[in-house]
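Just so it is clear, the structure is predicted and the values come from calculations on it, not from any experiment.
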Amino acid sequence: MKFTQDIQIGYFVKRPNRFIAYVEINGTVEVCHMPNPGRMWELLFPGAAVYVRHVGKTERKTAYDVVGIERDGVPILLDTQYNNDIAAKLIQEHRIPGWEEWSLLRREVTVGDSRFDLLLHKGKELFYLEVKSCTLFGKSGAMFPDAVTERGRKHIAELAAMHDDGYHTGVLFLVHWDRARWFLPDYHTDTDFAATFMECAPKLDWKAFSLRWTAEFSQPEPVRLLSYPEEVLRRENHDCGDYMLVMYLPEGRDIEVGSKGSISFLQGYYVYVGSAKKNLASRLARHTRKRKKMHWHIDYLRRYAGVTAVLPVRTADDLEHKLAAAVGAISHWQIQDFGCTDCSCPSHLFGFHDNPIHRRDFMQLVEDFRMNRLESLIGR
């Protein structure tokens with residue numbers, strides 16, 4: 001194990017890029033190395049308790065590594081390299097149900113153009129294993145990935161191809177949330193990964209396994225294997241559903257919005273709620289383009305407001321009006337009758353003084369519509 005001591009608690013300030021986090025430690029804001037390239041929007045809120053480790057004198061520009069973060073008072077591991085250490089140790093100790101007969105042969109094995117995390121063996125039989133760290137979860141569900149991962153999709157496809165050539169291959173998703181009970185690929189975020197996973201899963205010896213951590217981050221307690229509600233994935237993972245378009249308007253201005261005429265927009269962030277019964281990906285791509293024929297109300301605002309995030313909710317259900325009502329309930333203001341000419345909603349465009357991506361109530365809303373509402377489907 002890498003760090004069994006020298007863990008300190010700080011408080012998250014901001015994250016300017018994937019590999020750097022500003023953390024307040026003992027009253028001073030320190031620049032820390034972030035060893036997890038995921039988005040982690042659901043975890044990295046200003047003021048959240050962060051676990052860091054001082055790395056001592058080094059040529060690096062950062063004197064601290066981020067080790068973990070708290071969610072609802074529960075320590076969550078963020079260090080993806082340590083994730084592989086834990087996977088190796090769990091396998092060596094035969095703690096993964098169903099893999100008790102396998103032993104670790106070596107780490108970081110190369111096959112062709114790819115490198116996989118672990119190579120196991122059972123006598124002369126070999127088992128090529130990729131390990132993934134899962135930090136995206138809801139009340140009792142977990143999903144992977146939290147950002148588009150072409151590398152992850154490629155690994156899944158290559159392992160399945162190796163299986164077709166007679167190799168034993170698999171994936172271990174370590175879920176750092178002891179309340180998790182089911183696992184799905186995150187089809188909202190990365191449809192290509194989800195489609196590849198659904199196609200290749202029957203060929204792979206794969207497992208999603210939850211862990212419980214303490215603030216020392218020395219060794220986790222194994223908790224449970226997670227179920228795989230594939231029927232929910234087949235029902236929901238289609239190119240249709242609802243979405244939230246998060247935009248930033250750098251200065252207040254009056255904007256001509258088609259037949260509605262001139263509307264005054266305050267400076268700030270805006271969340272537009274929409275839906276597409278088909279071709280959702282194309283609809284979102286259109287919204288992110290600047291040059292296009294003016295058609296919807298949102299097209300006029302987009303001439304001046306830049307897109308900061310696109311949050312699809314892929315679903316077979318009609319959630320658009322519920323989603324608009326939920327966003328409206330936590331917004332600071334709304335533009336009356338905007339984007340809702342074909343329904344009875346008061347608005348589908350909502351304003352925020354600060355970036356909603358960094359607000360707990362907004363990201364809780366995203367989690368509820370993307371993950372927690374699936375509980376009723378899984379429980380059927």
Side-chain angles (χ1 to χ4, degrees), residues 12-18 20-22 38-48 136 146-148 188-189 241-258 260 262-276 280 283-292 294 296-313 319-340 345-371:
F12 180 76
V13 178
K14 63 180 180 178
R15 185 188 188 189
N17 61 53
R18 291 192 303 162
I20 292 294
Y22 287 87
R39 284 180 177 168
M40 297 181 289
W41 286 341
E42 299 79 8
L43 297 173
L44 298 177
F45 298 112
L136 174 61
D146 74 344
V148 175
H188 304 291
T189 298
D242 309 295
Y243 59 90
M244 290 168 283
L245 192 70
V246 183
M247 299 161 288
Y248 179 65
L249 186 66
E251 60 181 9
R253 64 190 308 151
D254 294 339
I255 300 174
E256 291 289 331
V257 181
K260 291 185 69 62
S262 180
I263 298 177
S264 293
F265 290 86
L266 299 174
Q267 178 271 338
Y269 289 87
Y270 287 86
V271 176
Y272 174 73
V273 176
S275 67
L280 176 59
R283 175 70 60 82
L284 298 177
R286 184 185 193 280
H287 284 324
T288 57
R289 293 198 307 269
K290 279 281 190 180
R291 300 181 61 182
K292 56 201 167 191
M294 298 294 101
W296 288 296
H297 291 166
I298 190 62
D299 296 337
Y300 297 90
L301 175 60
R302 274 286 292 119
R303 297 170 71 179
Y304 306 97
V307 174
T308 61
V310 179
L311 299 169
V313 179
L319 303 175
E320 181 182 12
H321 310 303
K322 292 181 179 179
L323 186 58
V327 176
I330 63 172
S331 67
H332 295 128
W333 72 90
Q334 63 184 39
I335 304 300
Q336 196 70 19
D337 300 324
F338 190 102
C340 56
C345 295
S347 180
H348 276 204
L349 182 67
F350 309 95
F352 292 82
H353 294 301
D354 49 350
N355 191 341
I357 293 296
H358 303 316
R359 291 178 48 146
R360 290 180 184 271
D361 54 358
F362 181 77
M363 292 312 301
Q364 182 62 58
L365 182 156
V366 175
E367 177 189 307
D368 287 341
F369 277 85
R370 281 183 163 186
M371 298 180 65

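For the 3.5 Å distance criterion, the side chains of His287 and Tyr272 fail to qualify, holding no donor opposite an acceptor. Residues Ser347 and Gln334 bring no donor and acceptor atom of their side chains to less than 3.5 Å of each other. Looking at Ser264 and Asp254, their side chains do bring a donor and an acceptor atom within 3.5 Å of each other. For the residue pair Tyr248 / Gln267, a side-chain donor-acceptor distance below 3.5 Å is found, with atom types taken as modelled.
To the nearest 0.5 Å, atom NZ of residue Lys290 and atom CG of residue Asp299 are 11.5 Å apart. The distance from atom CG of Leu136 to atom OG1 of Thr189, rounded to the nearest 0.5 Å, is 6.5 Å. Rounding to the nearest 0.5 Å places CZ of Phe338 at 14.0 Å from SG of Cys345. A distance of 8.5 Å separates CD in Glu42 from CE in Met371, rounded to the nearest 0.5 Å. The CD1 atom of Ile263 sits 14.0 Å away from atom CZ of Arg253, with the distance rounded to the nearest 0.5 Å. Rounding to the nearest 0.5 angstrom, the gap separating the CZ atom in Arg302 from the CG atom in Leu249 is 11.0 Å.
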| field | Verdict with supporting geometry, Lys322 and Glu320, salt bridge (Lys or Arg N to Asp or Glu O under 4.0 Å) | value | CA-CA 6 Å; Lys322 292 181 179 179; Glu320 181 182 12; over 6 Å; no
| said: Pair Trp333, Leu266 - check side-chain contact (heavy atoms from CB on, under 4.5 Å), show working. | reply: CA-CA 9 Å; Trp333 72 90; Leu266 299 174; 3.8 Å; yes
| said: Go through it in stages, so that I can follow the logic: the residues are Asp361 and Leu365, the test is side-chain contact (heavy atoms from CB on, under 4.5 Å), and I'd like the CA-CA distance, side-chain angles, deciding distance and then a yes or no. | reply: CA-CA 6 Å; Asp361 54 358; Leu365 182 156; over 6 Å; no
| query | Given the rule in the side-chain contact (heavy atoms from CB on, under 4.5 Å) test, do Arg15 and Met40 qualify, once you have shown the distances and angles that lead to the verdict? | reply | CA-CA 11 Å; Arg15 185 188 188 189; Met40 297 181 289; 3.8 Å; yes
| request: Please assess His297 against Leu349 for the test side-chain contact (heavy atoms from CB on, under 4.5 Å), listing each intermediate value before the final yes or no. | output: CA-CA 10 Å; His297 291 166; Leu349 182 67; over 6 Å; no
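Summarising the geometry of Tyr304 relative to Pro250, their closest heavy-atom pair is O-CD, 3.8 Å, with the distance given to 0.1 Å. Here the closest non-hydrogen pair linking Val307 and Val310 is CG1-CG2, 3.8 Å. Nearest heavy atom pair, residue Val246 against residue Pro356, reads CG1-CG, 3.9 Å. Scanning both residues, Val273 and Met244, for their nearest heavy atoms gives CG2-CG, 4.2 Å. Thr288 approaches Ala285 most closely through the heavy-atom pair OG1-O, 2.8 Å. Closest non-hydrogen pair, Phe350 versus Ser331, comes out as CB-CB, 3.6 Å.
Two residues are said to be in side-chain contact when any heavy atoms from C-beta on lie closer than 4.5 Å; Leu301 and Ile255 meet this criterion. Here the side chains of Ile298 and Met247 are in contact, with some heavy-atom distance below 4.5 Å. Phe369 places none of its side-chain heavy atoms less than 4.5 Å from the side chain of Asp242. Between Glu256 and Tyr300, every side-chain heavy-atom pair lies at or beyond the 4.5 Å cut-off. No side-chain heavy atom of Trp41 sits less than 4.5 Å from a side-chain heavy atom of Asp146. The closest side-chain heavy-atom distance from Val366 to Val313 is not below 4.5 Å. Contact annotation: the side chain of Asp354 approaches that of His332 to within less than 4.5 Å [non-hydrogen atoms, C-beta and beyond]. Residues Trp296 and Arg283 meet the side-chain proximity criterion, which asks for heavy atoms closer than 4.5 Å.
A distance-only check finds no donor-acceptor pair linking the side chain of Arg360 to the backbone of Met363 [under 3.5 Å]. Put simply, the side chain of His188 gets close to the backbone of Arg370: a donor and an acceptor are under 3.5 Å apart.
More than 12 heavy atoms of other residues, nucleotides or ligands shown are found within 6.0 angstrom of NZ on Lys292.
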